[in-house]
Amino acid sequence: MTAAPLNTQVSRYPVKSRVQPKMVSKSIIKVVNGKSFLFHIVRSPIHNTQRCCFYSRIKEDLEDEEFKVLNIYRDKEKEAEFVREEIIRGHMTRADCMRTDQSWTDVWPTKAPFHWGSVPIPVRQGFRKKKKLLALGRYGNIELMKIPNFLHLTPPHIKKHCQAIKKFCTKFPEELKNLEVRKVNFPIEVITSDYVTCGTSIRDSRAREVKVNVNLSVLKFDDHASMKMKKLAGEKLNEETKTLQLTSDRCPLRKQNYDFNIYKLTALYYESHVTEPWEDEMEESDWVVYQWDKTQSRNKILHLKSKIQQIDSGQEEKMEDPDVSVVETETDVQQYKAAFCDLKDKGDNEETLNAYKQSVLKLLNL
């Protein structure tokens, strides 16, 4: 819009070499402060076309008899799909330019969040409210960035890592391939578990559980400590394999549960070697395990065995006090000891009574 006095000539636009669009002008005379001004309003045909389209749209809406409801909720899924299609249509990603023989370790060398333009496979993740619709693709998918990916731990990656650290490793000792040798040299076995879940959290409460198996045969125990360890451990001690199993999952971290198991093992070991004052006052009826070596039955059996040997050898005239330490290691005496202890510990049943009967008959040479 230009303004000029009435007696002056308003200059037109300069003519250029290229063709200018035809302009639509309108002149208005207006008096301002006692002076008359001529206003030339110039509009382009594009502006008039837009105005016509706008007014025609309003006219169509007014002529429509149906009452249209204002929808303030936009269809975000359709808009997102439209935006994705428009962007992908005009751009070439790295995944589109990849060769089939390209090394994946060069594309994804280390741990990194998911990047849609570097993965050449069709990955989908997410949930749609509408039924019969596939999950969102990999482009701009925030759901794929939430979860940890293992694209840096593929078999080619692991193979390269192993080749890189192979020069720092030593050959596994041939002697340790024997199970018995490993139990003697490595008496503690730690068992843990890892879980892969699809929940809202990457942590699994079961992964913090730690089991520690200890071979007690490599530890030093006397008769008192062995009996007390058996009483303190209870069902956690396997008497056949002499293995103590300690389990903990009360702490939030795996390392804390492992330390707690080691603490329990240390406390059990030192507590089993402690002799309380009341333990010396225990009678035979208070024993947890029957101790045949501390009873009068041992002395009587050994004296009887010695006298039987003297009678068999023709030395019954002397009847001197025999040396019981000589006959204590004999097979029939040890069988009688084992049968008598089983009868006291396990109770009287058909098996223990038959074993006790056979040991007595063998001891008396009957």
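What you are looking at is a predicted structure, and each value in this text was computed from that prediction instead of being measured. Quick note: residue numbers are just sequence positions, from 1.
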Tell me whether [X] at atom [atom1] has more than 12 heavy atoms from other residues, nucleotides or ligands lying less than 6.0 Å away.
X    : atom1 : value
E350 : CD    : no
F340 : CZ    : yes
M145 : CE    : no
Q256 : CD    : yes

For this session: Given side-chain hydrogen bond (donor to acceptor under 3.5 Å, both in side chains), test S217 with K242 step by step and report yes or no.
Result: CA-CA 6 Å; S217 60; K242 300 296 181 181; over 6 Å; no
For L136 and R128: C-alpha separation, side-chain torsions, deciding distance, then whether side-chain contact (heavy atoms from CB on, under 4.5 Å) applies. CA-CA 8 Å; L136 297 177; R128 290 191 177 185; 2.8 Å; yes
Polar side-chain atom of [X] near backbone of [Y] as donor-acceptor pair, under 3.5 Å:
X    : Y    : value
N149 : A112 : yes
D106 : Q102 : no
W116 : L144 : no

Worksheet entry | Derivation of the side-chain contact (heavy atoms from CB on, under 4.5 Å) call for L244 and L246 | CA-CA 7 Å; L244 176 65; L246 301 175; 4.2 Å; yes
Shared hydrophobic cluster, [X] / [Y] (ILVMFWY, side-chain heavy atoms < 4.5 Å):
X    : Y    : value
I262 : V218 : yes
F260 : V212 : no
L361 : L343 : yes
V214 : Y270 : yes
L151 : V196 : no

Only residue of D194, D249, D204 satisfying salt bridge (Lys or Arg N to Asp or Glu O under 4.0 Å) with R254 is D194
Checklist entry - So, K211 and T247: side-chain donor and acceptor under 3.5 Å apart, yes or no? => result no
Closest approach of [X] to [Y] (non-hydrogen atoms, all atoms of both residues):
X    : Y    : answer
S103 : T105 : OG-OG1, 2.7 Å
P120 : A95  : CA-CB, 3.7 Å
S248 : N257 : OG-OD1, 3.0 Å

Got [X] and [Y] here, is their nearest side-chain heavy-atom distance under 4.5 Å?
X    : Y    : answer
H161 : K166 : no
H152 : T110 : no
K264 : K236 : yes
R208 : L253 : no

When rounded to the nearest 0.5 angstrom, what distance separates [atom1] in [X] from [atom2] in [Y]?
X    : Y    : atom1 : atom2 : result
D342 : L353 : CG    : CG    : 11.5 Å
W108 : F114 : CH2   : CZ    : 6.0 Å
M227 : D222 : CE    : CG    : 9.5 Å
N354 : K357 : CG    : NZ    : 7.0 Å
S118 : W104 : OG    : CH2   : 7.0 Å
L265 : N261 : CG    : CG    : 9.0 Å

From the list L237, N238, T243, side chain to side chain contact (heavy atoms under 4.5 Å, CB included) with L216 holds only for L237
- Message: Could you walk me through whether R124 and R138 satisfy the side-chain contact (heavy atoms from CB on, under 4.5 Å) test, starting with their C-alpha distance in whole Å, then the side-chain angles of each, then the deciding distance to 0.1 Å, before giving a yes or no?
- Response: CA-CA 6 Å; R124 292 183 176 272; R138 67 176 188 269; over 6 Å; no
### Query
Between K146 and E143, is the closest basic N to carboxylate O distance under 4.0 Å?
yes
Give the C-alpha distance, both sets of side-chain angles, the deciding distance and a yes or no for salt bridge (charged side-chain N to carboxylate O under 4.0 Å, His left out) between R206 and E209. CA-CA 6 Å; R206 297 173 295 176; E209 181 179 359; over 6 Å; no
Residues pairing under ring pair (Phe, Tyr, Trp, His ring centres under 6.0 Å) where one sits in residues 163-189, two or more places apart or in two chains, turn out to be none
Angle between ring planes, Y356 versus Y336, binned at 30° and 60°: parallel, tilted or perpendicular? tilted
With sequence neighbours left out, the residues meeting ring pair (Phe, Tyr, Trp, His ring centres under 6.0 Å) with F221 are Y269, H273
- Task: Evaluate side-chain contact (heavy atoms from CB on, under 4.5 Å) for L179 paired with K183, printing each intermediate quantity in order.
- Result: CA-CA 6 Å; L179 181 60; K183 287 183 178 180; 4.0 Å; yes
